[in-house]
Amino acid sequence: MTVQTEIRSAPHIKGPRSVEQIMANVVYSLAPICAFFVYQYGISALASILVVTASCLLAERVFVRTGTQAGSLSDFSATITGLLLALTLPPGFPLWMGVVAGFSAMALGKALFGGIGFNVFNPALVGRAFVQAAFPAAIATYTPSFLPGRFTEFIPSSLAWPLMAPADTAAWLKAMQYDALASASPLARWKFEGFVTPAWDLVTSLTGHMAVGPSPLLILLCGAYLALRRFMDWRIPIAVLGSAGLSALLIYAVFGTRFPDPFFMLFSGGLVLGAVFMATDMATSPVTPRGMWLYGALIGLLTVVIRFYSGLPEGVMYAILIGNAATPLIERITQPTPFGKGVSIRARRQATYTLHPDYISREEAGAKTPKKRFLKNKPK
Amino acid sequence: MSDLSQTRTFDEFMEGIWRQNPVFVMVLGMCPTLAVTVSAMNALSMGLATAFVLVCSCGLVSLMRNIVPKEVRIATYIVIIATFVTVVDYAIQAVSLAVYDALGAFIQLIVVNCIILGRAEAHASKHPPATAMVNALGMSLGFVIGLLALGTVREVLGAGTLFGVSLFGANFQPWVVMVLPPGGFIVLGAWLLLFSTLKQRKEVRLAEQGGGHGA
Amino acid sequence: MNTSAIPPQATPATSLVKTLGIVSAVCGLIIVGAYQGTYDAAAANRRLALERTVFKVVPAAKSMVEWQATPQGIRPAGGEPAPGAVKFYAAYDAQGALAGIAVEGAAKGYADTVRILFGYSPDCQCVTGFGLVASKETPGIGDKIVTNHEFLANFDALDVKLNAELSALANQVKVVKHGTKSQAWEIDAIAGATVTSRAVGKAINDSAQQLLPKLVPETEKLRKKES
Amino acid sequence: MKLLSYFRGEAFQRGVHPPSCKHTADTSIRRLPFAPRLVVPLSQHIGKPSRPTVRVGEEVVRGQPIAAADGWLSVPQHAPATGVVEAIELRPSARGPWTECIVIRVYEASTQEMLWGTPQDIEAFPPQEIVLAVQRTGMVGLGGAAFPSHAKLTVPEGAKVETLVVNGCECEPYLTCDYRVMVEQARDLMVGIRHAMRATGASRAIIGVEDNKPAAAEAMRRALPPQGDIFVEKVPTKYPQGSEKMLITALFGVEVPSGKLPLSLGMVVNNVGTLTALGRLLPAGQGLVERVVTVTGPGVARPGDYHVPLGTPLSFVLDYAGAPAQARQVILGGPMMGQSVASLDVPVTKGVSGVLVFRGEDMASREGRRSYPCIKCGECVESCPMGLNPSMLGMLAAQREYDVMGEQYHLGDCFECGCCTYTCPSNIPLVQQFRVAKQILREKAAA
């Protein structure tokens, strides 16, 4: 029997997971969020999502083509970056600025580091940080959701000519009988006006004005889907929200009414979106379980600190970027304890059989164990 | 003979502009490069100020190269450079206060610009005045080009103007980040990327043509 | 640095001193020459720049005189500035009559201290305009304070009247939320640039509070331009 | 699921759940005929190769010793069939290098009866004698490690063994040889356990079976002797439950300290296959001449568990089981840790628990996948049973920072179970990188 066989290295079977599958699932879970975003803000939001995503994909293609970075379009990672970036921008953000945001996200956030897996910072947030620095006025201009003509009429600022300043949204809103405050996000309204948006509005975002993206409830649902299918680590969002909630509660309890209640802290602005979709970005978060808790806690705390004590209304973006920067360090100090190296020599609860106490104490006393004379046994 | 010396002079001149460009190749003098290139005008003034100091001090250093003992040469260079920096400082104040305010402390900081001390020590102290000054001129031209490259981009995107002339009309949306320090880093990074890409391409081409000459 | 590595034929110390001395002397000469050569032009420049700002906040002005207010009263600037003195400039029109007074002020803004110069009119006891001396506020947001017409309209006649005893402002200058100005001494902030707007208000308030009680009783001193 | 087991603390943490694919679980063990030529390598175990005691041309009968143990960590070899020694020469081995083998031309009339060995009253033997008797059988760990069994049953000076752990966890997908042995030969297993307990001085024996093998547990419970010192215990189904350290954690809730043996906790672990074979061979005084091998995989027409005479060439086994010509990959052992062989001339040895055949199309799904840079999803960290950080190790391996891997990231604890590579969505060959790194570190240490 002459058979051509191949030599391969074990293991000879592969698990079902692939990068494409993970990324595609993230895209699926973002789809309802984007849909709701469009439902809230109309064609401006739709155009924004399409343009930003397209520019991310185009940039990715350019960088992959020129050999600047690894990866390919088919891995969906650029699509995710584009969708997330679009969700963090105001719906009436001028489209040409969206293109700038998309390109800078891919160039500064991804290609610079070598592409998928190598990036240190979340590309979507890098893109947002760039346009936040470049166009601070445009990025702080929000429009109310559920405007009457939102499916037929663009928000005028969307359609600004490239390089040109966008039309005055405030004037446009005034013409529609909205007061100037309508274009401020709940966080900005709290920061500058001291107005705390009611809780139910925040959670559902079915009325009023949402600063970043759609209803936190929807985001949490989509995040739960990802976490249950284990396409995302559940520890990070819980750590972020938990630590933000706790630190806000602490400040609220100590300093009282000068600060909003923790509930407002959690559900206003982009904290939920950031915790569920941005902080969990795999390449930029720690891989070690303990590291994830630490990383999440750091982001939550930083968010609250930035929101309360800085001139900025929103702090999630910078908190996550700082968390990203701290990731290698966190990973270093939270390496998992290898099997048999911890203090776990004491029996765990509910073991079926107990060990003769002599053997445990002998081991703990550092008694000399027989010298290793042969190789470790392998499992079958 | 004269041909040879002419090409040599030309080489000395071009060295600073291309092969050893202080900004794009040697990445020297980054402090003023990043800080003052908010506009093309500032970049040009800074570049010219540095050029003046560089050329004058290199000339003087070269003149004195045989009489200055080795032990005190650095002290001498610093004194000479500081002198010309002070002169430039006064001159700018006299010419335009606006430019002086925009450049701020960076005029005085030309003293510690390593391009100048580096050139004085590595080149001017070993060559006759003419050569030294030609080389210094090339270097400072390279520096001016570098600063202008940054300043132009940052001014065009950051203010929509070039040397104060509006390019896009009144409705231009300025890119605030460009006039902030991060913008300086981003633009500098982009230029460095462009330069090294060009250089690499050239080397590859040379290697293909010359067959092993590319070292 | 490495003292043990002195070469065998060390240059004699006198030679070193001589060289350094010569170099220093030459350099000193160059510097003195440059200083002399540029002094007048630089001083003229500086004066021009200041005048430009002063004339901007006091539009009718054609010439100005620098003054300072000390606890003892006001006197023309010159000589040692007294500690705690507030500088201000009396601006005169073409006929030599007092056109207005420009006062310096400063307050912490969003990025750094915002330094301004504001015009004060003794006739209406109000602020008539302001100009930036130095500001590092975020371009595009903070610099709206000099471009936003709504905001600048606040300073057409901002009330800074003193109280009856002439010891303090009758009403503190206050920056209020955008769109809620109701009093002549209130400043309507720019939406989105509240911090910088507040800095301007605070700078005016602080300077006025400090200077006006001393200035107002002696306004007559300033009426006529001294030669 | 994961969360629950994490809190219950019943099993070791982490691990993976590959599809079990145990298609041959319900067919009983069959016998394979003799191949025309059997190739018996002198080194089928860890330790020194055996010393041949026969000459070329000599006739041997089934069960006759043909090579003697050369030293303590070595075992004798027995003739698997009646025939003539045709050659003693170098032949290819599964691990690559050519090794010395005794080639036996089998008489066509050779029977499957054992023709050598005299029954011995093993019950009367003192522990040391039992150990020697075990060595005479040529027994090695049949789970795959091929470590001489008598050495494992020897308790060193000063140590004491309390528990004999019997490893009935066959966690590798596809393999069913241990399962069939537990179902069909539970009685022999009990005899083997009894002798092993006496040899080590253990006062109790615990058989760990995965909870997806209820039939095996039931069969063994029925065969339990009345003394009540042997227990059958179910443990969660998970890969690599069959690793002795993982099994101990599952049973006792303790971790074997890193770098130490279960002996340090008063335990000795043995495989069910080994003890069953011992239970049959020891009283009869015979030698090990065949073993149960699972021949399976998508590329096999008649998969099943076979009693395969040692030394049977793979080509003969596959012909018999009906492997088609398009077989592309032949693996000795399970799919997670087994070894693919280059040549079908290599013989079945004592350590081969399974022969797995994949066709081209079975591999296409695996080969067609793109390889990405590490996206740091953390799957490998979640799955590593040894609590290592394969993601970091992989990155260090790519940078050739082997010393850092060994010193700071505990590379030495990796036992190449393959969980990280199995789960990696980026298709990075982590285990392979670790193998290379370990080899380099070994060479450095030796130099």
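These values consider heavy atoms only, across backbone and side chains, with no hydrogens, waters or symmetry-generated copies. Chain A is the first sequence line, chain B the second, and so forth, proteins listed ahead of strands; every chain is numbered from 1. Since we're looking at a predicted model, the values are computed, not measured.
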A.B. asks: Where does D:Val165 contact chain A at under 4.5 Å (heavy atoms): side chain, backbone, both or neither?
C.D. replies: neither

A.B. asks: Has the side chain of D:Lys376 got a donor or acceptor atom that lies under 3.5 Å from a matching backbone atom of A:Asp281?
C.D. replies: no

A.B. asks: If I measure from the heavy atoms of chain A, does D:Pro19 come under 4.5 Å with its side chain, its backbone, both, or neither?
C.D. replies: neither

A.B. asks: Compare every heavy atom of A:Pro336 with every heavy atom of D:Leu388, then report the nearest pair and how far apart it is.
C.D. replies: O-CG, 3.8 Å

A.B. asks: Give, as side chain, backbone, both or neither, the part of D:Ile331 having an atom under 4.5 angstrom from any heavy atom of chain A.
C.D. replies: side chain

A.B. asks: Examine whether an atom of D:Tyr409 lies under 4.5 Å from a heavy atom of chain A, and if so say whether it belongs to the side chain, the backbone or both; otherwise answer neither.
C.D. replies: side chain

A.B. asks: What distance separates A:Thr284 OG1 from D:Ile375 CD1, expressed to the nearest 0.5 Å?
C.D. replies: 11.0 Å

A.B. asks: To the nearest 0.5 Å, tell me how far A:Ile13 CD1 sits from D:Glu172 CD.
C.D. replies: 7.5 Å

A.B. asks: Give me the contact list for residues 17-25 of chain A versus chain D, heavy atoms only, anything under 4.5 Å, ordered by residue number.
C.D. replies: A:Arg17, A:Ser18, A:Val19, A:Glu20, A:Ile22, A:Met23

A.B. asks: Could you tell me which residues satisfy side chain to side chain donor-acceptor pair (under 3.5 Å) with A:Asn119, sequence neighbours excluded, listed by chain and number?
C.D. replies: none

A.B. asks: What pair of heavy atoms forms the shortest contact from D:Val381 to A:Thr288, and how long is it?
C.D. replies: CG1-CA, 4.5 Å

A.B. asks: Under the criterion side-chain contact (heavy atoms from CB on, under 4.5 Å), I'd like the reasoning laid out for A:Arg332 against D:Gln408: C-alpha separation, chi angles, the key distance, then a yes or no.
C.D. replies: CA-CA 10 Å; A:Arg332 225 187 139 70; D:Gln408 290 173 27; 3.6 Å; yes

A.B. asks: Tell me, side chain or backbone of A:Pro16 under 4.5 Å from chain D's heavy atoms, or both, or neither?
C.D. replies: both

A.B. asks: How many angstroms lie between atom CD of D:Gln329 and atom CZ of A:Arg8, to the nearest 0.5 angstrom?
C.D. replies: 6.5 Å

A.B. asks: Determine the minimum heavy-atom distance between D:Met336 and A:Ala10, stating which atoms define it.
C.D. replies: O-CB, 3.4 Å

A.B. asks: Please flag which part of D:Cys374 lies under 4.5 Å from any non-hydrogen atom of chain A: side chain, backbone, both or neither.
C.D. replies: backbone

A.B. asks: Would D:Asn427 and A:Lys14 count as a side-chain contact (heavy atoms from CB on, under 4.5 Å) here? Give the steps.
C.D. replies: CA-CA 8 Å; D:Asn427 299 311; A:Lys14 266 310 280 177; 3.0 Å; yes

A.B. asks: Could you have a look at D:Pro18, D:Gly418, D:Gly273, D:Ser340 and say which one has the most heavy-atom pairs with chain A under 4.5 angstrom?
C.D. replies: D:Ser340

A.B. asks: With chain A as the partner, which of D:Val341, D:Val235, D:Leu356 has the greatest number of non-hydrogen pairs under 4.5 Å?
C.D. replies: D:Val341

A.B. asks: Quick one: of D:Met267, D:Gln339, D:Glu233, who has the most non-hydrogen atom pairs under 4.5 Å with chain A?
C.D. replies: D:Glu233

A.B. asks: Checking D:Ser426 against chain A: side chain, backbone, both or neither under 4.5 Å from a heavy atom?
C.D. replies: both

A.B. asks: What option among D:Cys424, D:Gly333, D:Pro429 has the most heavy-atom pairs under 4.5 Å with chain A?
C.D. replies: D:Cys424

A.B. asks: If every non-hydrogen atom of D:Gly338 is compared with every non-hydrogen atom of A:His12, which pair is closest and at what distance?
C.D. replies: O-NE2, 2.8 Å

